[in-house]
Participant: 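The structure under discussion is supplied below as structure tokens; questions concerning it will follow.
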Amino acid sequence: MNWNQALSDHFKQTLQKLISQEKCELSTLPDVQFSKPAQKIHGDVATNIALVLAKPLKMKPREVADRIVPALAAKADLFAKVEIAGPGFINMWIQPHVLLSVLEDISRENEKYGHSTLGQGKKVQVEFVSANPTGPLHIGHGRGAIYGDVLGNVLAAAGYDVSKEYYVNDVGVQMTTLGRSVYLRLQELQGQKIEFPETCYQGAYIRDIAREVLALDPKIASSSEADAIAFCGKYAGDKILKEIQDDLAATGVIHDVTFFEHELHEHDAVKKVFQKLEKSGHTYEQDGALWFRSTVFGDDKDRVLRKNDGSLTYFAADIAYHEHKYARGFDRIIDIWGADHGGYVARIKAVVQALGYEADSFDAVLIQLVNLIRDGELISMSTRSAQYETLADVRNEVGKDACRYFFLMRSHHAQLDFDLNLAKSESTENPVYYIQYAYARIQSVFRKALEKGLKPPKTCDLTLLNLPEEIDLAVFLSEYRQVVHDAAAGLEPHRIAFYALELALAFQGYYSQAKHDDRYRFLTDDAKATEAKLYLLKNIAIVLHNALTLMGLSAPEEMIKGKEDT
RNA sequence: GCGCCUGUAGCUCAGUGGAUUAGAGCAUCAGACUACGAAUCUGAGGGUCGUAGGUUCAAAUCCUGCCAGGCGCGCCA
């Protein structure tokens, strides 16, 4: 049983009765909001409903509370105590066995615990990374990758049918520039004097690719420049994309779909979407260019689709791409971009509406930038000079799990300082190992129990879990459902990271009590008590495991220094 | 100039669909291992919630102005 539900049901009945007795202007019942009091002395759960109802009932808040409380207190199977406090808060103490009942839910639902039906099976596409295959991923991409990956996991847990997608811009000037960069390096390798423009890609990997192309086809330089550049571009693009995908896989990120821009052009998707927009009057011609009337939907200015030289803008293909997304049957689309694309949001939102889809069905999430900190110093990044830190470098230095967790440690709305020293340290300071250690520690207890022939039981006598920390832990475990729900509803996967850390902290505190209080020992001669402790531990482990899994982190059986993330 | 994001303890940050005494980690200081892993725990100090107003019985939270930082304002991608 979910006691939150029971509580809310009981309130509804009680209030309905009260409102029908009093002549009151309320036609509908206001939503009763429950909150966990900041102070323990205010009970397990509290509500301000008496303060909210005071005005419509034309009573003083405390009088309203006086009318509500007896009906609540009468329900002794749910409430241990109900009090009125302060201006009219109703503070409630829930029966311990009710609070503990969540353990049975967790045991039963196991890896499904924390899942919900928020998404109602709706198809949602999460598109992220989508870096052009012109060079290795940097840490900014890394943050977007982890955010998108974990958001997808969280949405799936919340009952959405999730598809993770990578959009490859394999058409356009960037690919030509890539081809030219390789071609120039290739000529250089052949001893020609070249001028390498600043606009070309400066990284050393370009030379490596040039070398490969040359080995593959030594005569390449003698074909026409346009052909050679096209060949180099295609070769380099394919190779770099492969490397990006390997890089992502090594970081634990796998996209369900890789979508190539050239597919849109092959199917005249751009032309077709132009026709659709024209038919609905959302485009016009001016100064030799084709424009999209995005100002109708609140954009700052109208946007060009086809330039006066006849070529298409990036935006044009993107419109076709989004039309294609909807055509594939997604009920909801989430695009994850770097903060530098903020100016792009309004026009895509406009497109979505112009194409006839609900504005609410589309979200563009902007991920703020990442600062890399080493020894307390900011490592400046410059793409121009190719001195940026790659995702691969960071991951190899700190390990996959630490890398992922650190990207989740901050709300995506805010810039992230990624402290390399801290991420690398295999110590108590590092939250990711702290969480994993809590899990490993429970597994260690289970190994010890097994030596005595004991296994975590399927059920137990809950009344034996009567220490305050045990009740608190059960309450905290019950909050996990809401955390996952909120993380999905608000597109805020970082909530999982904070929750997991807090749960680990709560467990470690509980565990350590045993040093000076035998009541906290798990494995004792009292078989029933031992069973109950193991049962609680099992449920903590399940929730830790679920949270770690959502974040794409391993839940290790044991921690061995220097051996994580191999 | 306009738009978006951010400003909370020395540091890094939670909390922002209002509500009882604003939280965590790190750092600092003081303590705790002959028993389930000390990669641990307990305690202490530390905050005009950027600022000035406003709404409210009640504001870190809602509204407005201002200050500071980041990003963006292309017939680039």
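All chains are named by letter (A, B, ...) in the order of the sequence lines, taking the proteins before the strands, and each is independently numbered beginning at 1. What you see is a predicted model; the values in this text were computed from it and never measured. Note that these values count all heavy atoms, side chains included, but never hydrogens, waters or copies made by symmetry.
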Participant: Between B:G46 and B:C5, how many Å separate the two C1' atoms, rounded to a whole number?
Facilitator: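 To the nearest whole Å, 29 Å.
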Participant: Mind telling me whether B:C5 is syn or anti, cutoff 90° either side of 0?
Facilitator: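 In terms of base orientation relative to the sugar, B:C5 is anti.
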Participant: For A:Glu502 and B:G25, give me the distance from atom CD to atom P, rounded to whole Å.
Facilitator: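 Taking CD of A:Glu502 and P of B:G25, I get 9 Å after rounding.
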Participant: What I want to check is whether an N or O donor and acceptor connect the side chain of A:Asn91 with the base of B:U20 at under 3.5 Å.
Facilitator: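 Looking at the base of B:U20, it does pair with a donor or acceptor on the side chain of A:Asn91 (distance under 3.5 Å).
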Participant: Which part of the nucleic acid does A:Lys533 contact within heavy-atom distance under 4.0 Å: base, sugar-phosphate only, or nothing?
Facilitator: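 The residue A:Lys533 makes no contact with any strand.
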Participant: With distance as the sole criterion, is a donor-acceptor pair present between the side chains of A:Glu83 and A:Asn91 under 3.5 Å?
Facilitator: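 Side-chain D/A pair, A:Glu83 to A:Asn91: absent.
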Participant: With C1' as the reference atom in both, quote the distance from B:A22 to B:C49 in angstrom, rounded to an integer.
Facilitator: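 B:A22 and B:C49 have their C1' atoms separated by 8 Å.
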Participant: Going 5' to 3' through nucleotides 29-38 of chain B, assign each nucleotide B (protein heavy atom under 4.0 Å from a base atom), S (under 4.0 Å only from sugar-phosphate atoms) or - (no protein heavy atom that close).
Facilitator: ------BBBB
Participant: Can A:Ser554 and A:Asp401 be counted as having a side-chain donor-acceptor contact under 3.5 angstrom?
Facilitator: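 Checked: A:Ser554/A:Asp401 side chains pair up, N/O donor to acceptor below 3.5 Å.
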Participant: Answer yes or no: is there an ion pair linking A:Glu165 with A:Lys325, defined by an N-O contact shorter than 4.0 Å?
Facilitator: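 The answer is no: the pair does not qualify as a salt bridge.
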Participant: Taking the P atom in each of B:U20 and B:A59, what is the distance between them to the nearest angstrom?
Facilitator: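 About 10 Å, rounded to a whole number of Å.
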Participant: Classify A:Asn132 by what it touches in the nucleic acid, base, sugar-phosphate, or nothing, heavy-atom distance under 4.0 Å.
Facilitator: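 Answer is sugar-phosphate: A:Asn132 comes under 4.0 Å of backbone atoms only.
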Participant: Is it true that A:Asp335 and A:His322 share a donor-acceptor pair across their side chains at a distance under 3.5 Å?
Facilitator: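 There is such a pair between these side chains.
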Participant: Separation of A:Asn371 atom CG from B:G69 atom P, in whole Å?
Facilitator: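 Rounded to the whole Å, the gap is 15 Å.
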Participant: Using whole Å, report how far CG of A:Asp417 lies from P of B:G70.
Facilitator: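 The distance from CG of A:Asp417 to P of B:G70 comes to 13 Å, rounded to the nearest Å.
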Participant: If you measure only the distance, is there a donor-acceptor pair under 3.5 Å linking the side chains of A:Glu278 and A:His282?
Facilitator: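 Checked: A:Glu278/A:His282 side chains show no N/O donor-acceptor pair below 3.5 Å.
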Participant: If I pick the C1' atom on B:G72 and the same atom on B:C29, what distance separates them, to the nearest angstrom?
Facilitator: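 To the nearest whole Å, 46 Å.
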Participant: Is it true that A:Arg374 and A:Glu397 make a salt bridge, defined as a side-chain N closer than 4.0 Å to a carboxylate O?
Facilitator: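 Judged by the 4.0 Å cut-off on N to carboxylate O distance, A:Arg374 and A:Glu397 do form a salt bridge.
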Participant: Between B:C33 and B:A39, how far apart are the two C1' atoms, rounded to whole Å?
Facilitator: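 Roughly 15 Å separates the two C1' atoms.
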Participant: Hey, which of these two, A:Phe498 or A:Tyr344, hits RNA chain B nearer its 5' end, going by closest nucleotide?
Facilitator: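 Looking at RNA chain B, the more 5' nearest nucleotide goes with A:Phe498.
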Participant: Is the phosphate of B:C76, meaning OP1 or OP2, less than 4.0 Å from a side-chain N or O of A:Lys307?
Facilitator: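 So the side chain of A:Lys307 is within the cut-off, an N or O lying under 4.0 Å from OP1 or OP2 of B:C76.
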Participant: Remember a base hit wins even if backbone is also touched, and classify A:Ala339 as base, sugar-phosphate or nothing at under 4.0 Å, heavy atoms.
Facilitator: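 Sugar-phosphate, no base atom in range.
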Participant: Reading RNA chain B 5' to 3', how would its secondary structure be written in dot-bracket notation, given Watson-Crick and G-U pairs with both distances under 3.5 Å, brackets [ ] for crossing pairs and | for partners on other strands?
Facilitator: (((((((..((((.........)))).(((((.......))))).....(((((.......))))))))))))....
Participant: Salt-bridge test for A:Asp66 and A:Arg62: reply yes if a basic N is under 4.0 Å from a carboxylate O, no otherwise.
Facilitator: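 No.
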Participant: Could you work out the separation of B:C73 and B:U28 based on their P atoms and round it to a whole Å?
Facilitator: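 B:C73 and B:U28 have their P atoms separated by 44 Å.
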Participant: Taking any heavy-atom pair under 4.0 Å as a contact, classify A:Arg495: base, sugar-phosphate, or nothing.
Facilitator: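 Counting heavy atoms under 4.0 Å across all strands, the contact made by A:Arg495 is with sugar-phosphate only.
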Participant: Hey, does A:Ala54 reach any base, or is it just sugar-phosphate, or nothing, if we go heavy atoms under 4.0 Å?
Facilitator: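 It contacts nothing in the nucleic acid.
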Participant: Would you please test A:Ile240 and A:Leu178 for side-chain contact (heavy atoms from CB on, under 4.5 Å) and show each step?
Facilitator: CA-CA 10 Å; A:Ile240 293 171; A:Leu178 177 66; 4.0 Å; yes
Participant: How many whole angstroms separate atom CZ of A:Phe34 from atom C1' of B:G18?
Facilitator: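 So the two atoms are 18 Å apart, to the nearest Å.
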Participant: At 4.0 Å (heavy atoms only), tell me whether A:Ile41 reaches a base, stays on the sugar-phosphate, or touches nothing.
Facilitator: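 A:Ile41: base contact, heavy atoms under 4.0 Å.
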Participant: So which nucleotide from B:C75, B:A77, B:A19 ends up closest to the side chain of A:Asn48?
Facilitator: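 Between B:C75, B:A77, B:A19, the one nearest the side chain of A:Asn48 would be B:A19.
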Participant: If the sugar-phosphate is the primed atoms plus P, OP1 and OP2 and the base is the rest, what is the B/S/- string for nucleotides 1-7 of chain B, using protein heavy atoms under 4.0 Å?
Facilitator: ----SS-
Participant: Mind calculating the distance between NE2 (A:His341) and C1' (B:C73) to the nearest angstrom?
Facilitator: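 Going from A:His341 (NE2) to B:C73 (C1'), I get 14 Å.
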Participant: Could you give the CG-to-P distance, from A:Leu305 to B:A77, as a whole number of Å?
Facilitator: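 Going from CG in A:Leu305 over to P in B:A77 covers 12 Å.
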Participant: For the residue pair A:Arg410 and A:Gln368, confirm or rule out a side-chain donor-acceptor distance under 3.5 Å.
Facilitator: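 There is no such pair (donor and acceptor under 3.5 Å, judged by atom type) between the side chains of A:Arg410 and A:Gln368.
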Participant: Would you please confirm or rule out a distance under 4.0 Å between OP1 or OP2 of B:U20 and any side-chain N or O of A:Lys36?
Facilitator: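 So the side-chain polar atoms of A:Lys36 never come under 4.0 Å of the phosphate oxygens OP1 or OP2 of B:U20.
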Participant: Quiz question: by atom type and distance under 3.5 Å, do the side chains of A:Asp517 and A:Gln513 form a donor-acceptor pair?
Facilitator: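 There is no such pair (donor and acceptor under 3.5 Å, judged by atom type) between the side chains of A:Asp517 and A:Gln513.
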Participant: Between P on B:G15 and CG on A:Leu501, what's the gap in Å once rounded to a whole number?
Facilitator: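 It is 14 Å, rounded to the nearest whole Å.
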Participant: What pair of heavy atoms forms the shortest contact from A:Tyr499 to A:Glu479, and how long is it?
Facilitator: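 Minimum heavy-atom separation between A:Tyr499 and A:Glu479: CE1-C, 4.4 Å.
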Participant: Answer yes or no: does a side-chain N or O of A:Arg347 lie under 4.0 Å from OP1 or OP2 of B:G72?
Facilitator: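 For B:G72, neither OP1 nor OP2 has a side-chain N or O of A:Arg347 closer than 4.0 Å.
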Participant: State whether A:Asp309 and A:Lys307 are salt-bridged, where the test is any N-O pair (Lys NZ or Arg NE/NH1/NH2 against Asp/Glu carboxylate O) under 4.0 Å.
Facilitator: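 No, this pair does not count.
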Participant: Could you check whether A:Arg347 pairs with A:Asp318 (Lys NZ or Arg NE/NH1/NH2 to Asp/Glu carboxylate O, under 4.0 Å)?
Facilitator: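 Looking at A:Asp318 together with A:Arg347, the answer is no, because their closest N to O distance does not fall below 4.0 Å.
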Participant: Check whether the side chain of A:Asn308 and the base of B:C75 form a donor-acceptor pair under 3.5 Å.
Facilitator: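 Donor-acceptor pair under 3.5 Å: yes.
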Participant: Nearest whole Å is fine: how far is B:C57 C1' from A:Glu63 CD?
Facilitator: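 The answer, rounded to whole Å, is 15 Å.
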Participant: A:Phe498 vs A:His494 aromatic rings, parallel, tilted or perpendicular, using cut-offs 30° and 60°?
Facilitator: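 The rings of A:Phe498 and A:His494 stand perpendicular, inter-plane angle above 60°.
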Participant: Would you indicate which nucleotide in B:U40, B:C75, B:A24 comes nearest to any side-chain atom of A:Leu505?
Facilitator: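 That would be B:A24.
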